[in-house]
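Report on the following structure.
Numbers here simply count residues along the sequence, with the first being 1. All values derive from a computational prediction rather than experimental measurement.
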Amino acid sequence: MQALTSDDVRKLERSVIASRGDLLFARAVVLFEGETEEQAFPLWAQAYWGASAHELGLSFVGVGGTDYFPFIWLAQNFGIPWYVFSDGEDKPVAKLKADAKRAGIDDIAAHDNIVVIPNKLDLEAHLMNEDYLDAFEVAIANYVGPTALDEYIANLNGKEGKTIDGATQIRDYSGAEGRKRAAHDMVSGKKTRYATPLATAVLTLADPERRVPKLVAKLLDVIGKRFDLKKLDSTKFGLH
């Protein structure tokens, strides 16, 4: 474990102690890059174990634009087990690898307390890739209305979208795959607002096996084994 730099101390004071001091009293801390995960994971964890994060003594923390290292440093120095669920895009993975290396971890893939979304995807894209369009549709309908996605497609199909590598992308929302792209873009454009509606929509799906995404369950299982937390029968997954 490397020592803290003066910049690390500033980040520790500003981003950890000032607003996340409760993690010092946690049984474990779970770190995320994205805002969606910070809001969604406590709901999924509660469904998975049948108890809230507060009851379980877990602290779910979004690191946002700061580094993982101040949080990892604090956790390790206070003997608090820590876990990471990371977006798979190049920038957050590079940041995670650099901070893990400072903490003495050369290969993040060899540590089961670190889960990285595959295929360079963020959580929203991963869920869509795992066929959660139905949950996206429910989240959008519940949040802004039952016709909102159709209106979004009608208004923006064929219009200019993101600029990638200097080239402006034209939105293609036609057909079944286009509807997926539209739902993803609509939710990703307002991640903070849709995080809880999307997590809630996933929890209310008819198939209980889909109510906690498999990659999320992978990390929850690791945490559960460490603290002897018993997973509920999947038919009981849902809002409590």
Looking at every heavy atom in both [X] and [Y], which two are closest together, and how far apart are they?
| X | Y | result |
| --- | --- | --- |
| I72 | A103 | CG2-CB, 3.8 Å |
| W73 | N77 | O-ND2, 2.7 Å |
| A75 | V29 | CB-CG1, 4.0 Å |
| A199 | L43 | CB-CD1, 3.9 Å |
| L56 | A51 | CD1-O, 3.6 Å |
| P197 | R193 | CD-O, 3.3 Å |

Flag the pair [X] / [Y] as yes when at least one side-chain heavy-atom distance between them is below 4.5 Å, and no otherwise.
| X | Y | value |
| --- | --- | --- |
| R210 | V202 | no |
| D172 | N157 | yes |
| D122 | H184 | yes |
| P81 | R226 | yes |

Could you pull out all residues at least two apart from [X] that satisfy salt bridge (charged side-chain N to carboxylate O under 4.0 Å, His left out)?
| X | result |
| --- | --- |
| K120 | D90 |
| K159 | none |
| K180 | D131, E177 |

Could you grab the distance from atom [atom1] of [X] to atom [atom2] of [Y], nearest 0.5 Å is fine?
| X | Y | atom1 | atom2 | answer |
| --- | --- | --- | --- | --- |
| L203 | L198 | CG | CG | 10.0 Å |
| K162 | S188 | NZ | OG | 6.5 Å |
| L220 | K214 | CG | NZ | 15.0 Å |
| Q39 | T192 | CD | OG1 | 6.5 Å |
| D207 | D134 | CG | CG | 9.5 Å |
| E37 | L123 | CD | CG | 4.5 Å |

Could you list the residues that satisfy side-chain contact (heavy atoms from CB on, under 4.5 Å) with [X], not counting sequence neighbours?
| X | answer |
| --- | --- |
| V116 | S86, V93, L96, I108, I114 |
| Y152 | L156, R171, Y173, A182, D185, M186 |
| N129 | N119, L121 |
| A26 | S59 |

Got a sec, which pairs hit ring-ring contact (aromatic ring centres under 6.0 Å, His included) with one end in [range], sequence neighbours left out?
| range | value |
| --- | --- |
| residues 197-226 | none |
| residues 194-217 | Y143-Y194 |
| residues 79-129 | F41-F85 |
| residues 198-218 | none |

- Determine the sole option in V216, I223, L215 for which the side-chain contact (heavy atoms from CB on, under 4.5 Å) test with L219 is passed.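 That would be I223.
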- Message: Pair V144, K190 - check side chain to side chain contact (heavy atoms under 4.5 Å, CB included), show working.
- Response: CA-CA 12 Å; V144 287; K190 297 181 178 179; over 6 Å; no
- Check the pair E33 / K95 against side chain to side chain contact (heavy atoms under 4.5 Å, CB included), numbers first and verdict last. CA-CA 10 Å; E33 169 68 21; K95 179 195 292 185; 3.6 Å; yes
- Item | Hydrophobic cluster identity match, V187 and V138, side-chain contacts under 4.5 Å |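 No.
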- Message: What verdict does the side chain to side chain contact (heavy atoms under 4.5 Å, CB included) test give for L127 and F136, after you've listed the backbone C-alpha separation in whole Å, the side-chain angles of each residue and the deciding distance to 0.1 Å?
- Response: CA-CA 9 Å; L127 290 176; F136 278 75; 3.9 Å; yes
- Is a side-chain N or O of R211 found less than 3.5 angstrom from the main chain of L205, in a donor-acceptor match?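 Yes; judged by distance alone, with no hydrogens or angles, the pair exists.
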- Message: Tell me if a side-chain donor or acceptor on D99 pairs with a main-chain N or O of Y68 at a distance below 3.5 Å.
- Response: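 Yes, the answer is positive, given that a donor and an acceptor are paired below the 3.5 Å cut-off.
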- Return each pair, listed once, that meets salt bridge (Lys or Arg N to Asp or Glu O under 4.0 Å) where at least one residue sits in residues 142-153; pairs must be two or more places apart or across chains.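 Checked against salt bridge (Lys or Arg N to Asp or Glu O under 4.0 Å) - neighbours excluded - the pairs reaching residues 142-153 are D150-R179.
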